[in-house]
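Reading through the structure tokens given below for one structure.
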Amino acid sequence: MQRRILGLGTALLTVAVVAGCGSSPAANGGSPSPGEGESTQVSVGIIPIVDVAPLYLGQKKGFFSSRGIDLKMESAQGGAAIIPGVLSGQFEIGFSNVTSLMLAQTKGVPIKSVVNGSATTGNTETDISGVAVRKDSTIKTAKDLAGQTVAVNTLQNIGDTTVRESVRKAGGDPKKVKFVEMAFDQMPAALDGGQVDAAWVGEPALTIAKSQGARVVTSPFAETHPKLTLATYFTSAKLIQEKPDLVEKFTEAMTESLEYASAHPEEAREILTTYTKISGDVLKDLTLPTWPTDVDMDSVEKLASLGEQDGIFGGDKPDLDALFS
């Protein structure tokens, strides 16, 4: 089942706001929702990775400005910083993987997805992330990762969840995989230097690792689900309640951006040079994600089930309807 996230219905407006959370100037009336001839600045907390290329491409093509939105992208290290940034009003909109959003939702954090972000290619041979090992490693398949040390960018999140699933499907014991936390850009050197046995690497670090001789033994995203939704754009329940028109316009512009990026992949690839330090050779070879406008809810339910199985949610169960409807 697929679902487009518009999230501006009656149920959405009744989501409670956690006491003590700050609000943005826009949410307090300091900056109005965009109307005819008006422009409202919208700060978006992002991770500077290939997944957010449609956002930058949509800005360049005028999809946001035509709706009175002046985009301001602000980089963060990950969802751990973006989610509280959205709650405090530092960002009006945030970008985060769906496991992080589900984890926040189980803790009562008042956030809601508003539009899709990115998805796997579904190709188990070539995807936007993969578990890489050194060329001379004895690790040949995902099953062999049991008993090995594997780097992921964040512990207890979408990376180790999907790696465990790959090991499980290959007949290995996922409980025997030892995970360590490491930034993506540090993984190629750590792998090459023998600091870890394997690394779950995302693009563009994945292409860099392969250029240094590393080989990929499994593609966890595609192995977990062929249409796995990876990330979405989200906002606070407070902003949705107080500025629904602003959120609606962002959703419309982002949807148009996703459609354009999907239809013009080379333009999406080229826009990466404006906000990353990806070199020409890496740019040419790296794998882009897919950018559907709909969230694949079957894949989200699979991630939720795996997260529960691994104990990521601390015994709580994510309310997917509250988060994605």
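Just so you know, these numbers come straight off a predicted model, no measurement behind them.
- Nearest approach of Leu145 to Ala198, heavy atoms of both residues: CD2-CB, 3.8 Å.
- If you check the side chains of Ser43 and Glu92, you find no donor sitting under 3.5 Å from an acceptor.
- Summarising the geometry, atom CE belonging to Met182 is positioned 10.5 Å from atom CG belonging to Leu155; distances are rounded to the nearest 0.5 Å.
- Surrounding NZ of Lys175 are at most 12 heavy atoms belonging to other residues, nucleotides or ligands under 6.0 Å away.
- Relative orientation of the Tyr275 and Tyr56 rings is parallel, given thresholds of 30° and 60° on the angle between their planes.
- Between the CD1 atom in Ile82 and the CD atom in Glu74 there is a gap of 10.5 Å [rounded to 0.5 Å].
- Contact detail for Val216 and Lys210: the closest heavy-atom pair is CG2-CD, 3.9 Å.
- Here the side chain of Glu266 pairs no donor or acceptor atom with the backbone of Glu270 at under 3.5 angstrom.
- Legend: residues meeting ring-ring contact (aromatic ring centres under 6.0 Å, His included) with Phe63, ordered by chain and number and at least two apart, are Tyr260.
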Problem set entry | side chain to side chain contact (heavy atoms under 4.5 Å, CB included) evaluation trace for Thr162 with Glu223 | CA-CA 8 Å; Thr162 54; Glu223 290 285 353; over 6 Å; no
Exercise. Between Asp316 and Thr106, is a side chain to side chain donor-acceptor pair (under 3.5 Å) present by the stated rule, with each step listed?
Worked result: CA-CA 6 Å; Asp316 296 316; Thr106 62; 4.9 Å; no
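- Side-chain atoms of Gln309 and Ser305 form no donor-acceptor pair, as typed in the model, at a separation below 3.5 Å.
- The shortest distance between side-chain heavy atoms of Thr232 and Phe95 does not fall below 4.5 Å.
- Residue pairs that meet the salt bridge (charged side-chain N to carboxylate O under 4.0 Å, His left out) test with at least one member in residues 148-174, sequence neighbours left out, are Asp160-Arg164, Arg164-Asp310, Glu165-Arg168, Glu165-Lys302, Arg168-Asp310.
- A 4.5 Å side-chain heavy-atom check between Ile128 and Leu206 finds every atom pair outside the cut-off.
- For Thr121 and Asp127, the side-chain atoms include at least one donor-acceptor pair closer than 3.5 Å.
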Exercise. Would Lys238 and Glu242 satisfy side chain to side chain contact (heavy atoms under 4.5 Å, CB included), going step by step from the backbone distance to the final call?
Worked result: CA-CA 6 Å; Lys238 185 174 181 64; Glu242 298 189 356; 3.0 Å; yes
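- Between Val44 and Lys72 the shortest side-chain heavy-atom distance does not fall below 4.5 Å.
- Val152 places none of its side-chain heavy atoms less than 4.5 Å from the side chain of Asn157.
- Taking a cutoff of 4.0 Å between a charged side-chain nitrogen and a carboxylate oxygen, Glu256 and Arg67 qualify as a salt bridge.
- At least one side-chain heavy atom of Val131 sits less than 4.5 Å from a side-chain heavy atom of Pro220.
- Taking OG1 of Thr40 as the start and CD1 of Ile69 as the end, the distance is 8.0 Å to the nearest 0.5 Å.
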Problem set entry | Residues Met73, Val52; criterion side chain to side chain contact (heavy atoms under 4.5 Å, CB included); working and verdict | CA-CA 10 Å; Met73 271 72 97; Val52 298; over 6 Å; no
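- Between the NE2 atom in His225 and the OG1 atom in Thr229 there is a gap of 8.5 Å [rounded to 0.5 Å].
- In this structure, the side chain of Thr126 does not engage the main chain of Asn123 through any donor-acceptor pair within 3.5 Å.
- Checking side-chain atoms of Gln148 against main-chain N and O of Asp197 turns up no donor-acceptor pair under 3.5 Å.
- The shortest heavy-atom contact between Leu258 and Pro292 is CD1-O, 3.8 Å.
- Without hydrogens or angle criteria, Arg134 side chain to Leu191 main chain gives a donor-acceptor distance under 3.5 Å.
- Ser137 places no side-chain N or O within 3.5 Å of a backbone atom of Val133 that could act as its donor or acceptor partner.
- Listed for the Thr290 side chain is a donor-acceptor partner under 3.5 Å among the backbone atoms of Ala119.
- Once rounded to the nearest 0.5 Å, the distance linking CD of Gln156 with OG1 of Thr161 reads 7.0 Å.
- Between Val201 and Ala132, the closest heavy-atom pair is CG2-CB, 4.2 Å.
- Proximity of a side-chain donor or acceptor of Trp291 to a complementary backbone N or O of Asp51 within less than 3.5 Å is detected.
- Clustering ILVMFWY residues whenever any of their side-chain heavy atoms sit less than 4.5 angstrom apart, transitively, puts Val167 in a cluster other than the one holding Leu306.
- Judged purely by distance below 3.5 Å, without hydrogens or angles, the side chains of Ser100 and Asn97 pair a donor atom with an acceptor atom.
- The closest side-chain heavy-atom distance from Trp200 to Phe221 is below 4.5 Å.
- When every heavy atom of Ala304 is checked against every heavy atom of Met102, the shortest pair comes out as CB-SD, 3.7 Å.
- Side chain of Asp144 to main chain of Lys140: a donor-acceptor pair is present (N/O by atom type, distance under 3.5 Å, no hydrogens or angles).
- Here the side chains of Tyr233 and Thr251 are not in contact, with every heavy-atom distance at 4.5 Å or above.
- Residues Ser325 and Lys112 approach most closely at O-CE, 2.8 Å, considering heavy atoms.
- Val50 places none of its side-chain heavy atoms less than 4.5 Å from the side chain of Thr287.
- A distance of 8.0 Å separates CD1 in Ile158 from OG1 in Thr224, rounded to the nearest 0.5 Å.
- Not a single donor-acceptor pair under 3.5 Å links the side chain of Arg215 to the backbone N or O of Asp136.
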Problem set entry | side chain to side chain contact (heavy atoms under 4.5 Å, CB included) assessment of Lys135 paired with Gln212 | CA-CA 9 Å; Lys135 186 177 182 179; Gln212 296 174 351; over 6 Å; no
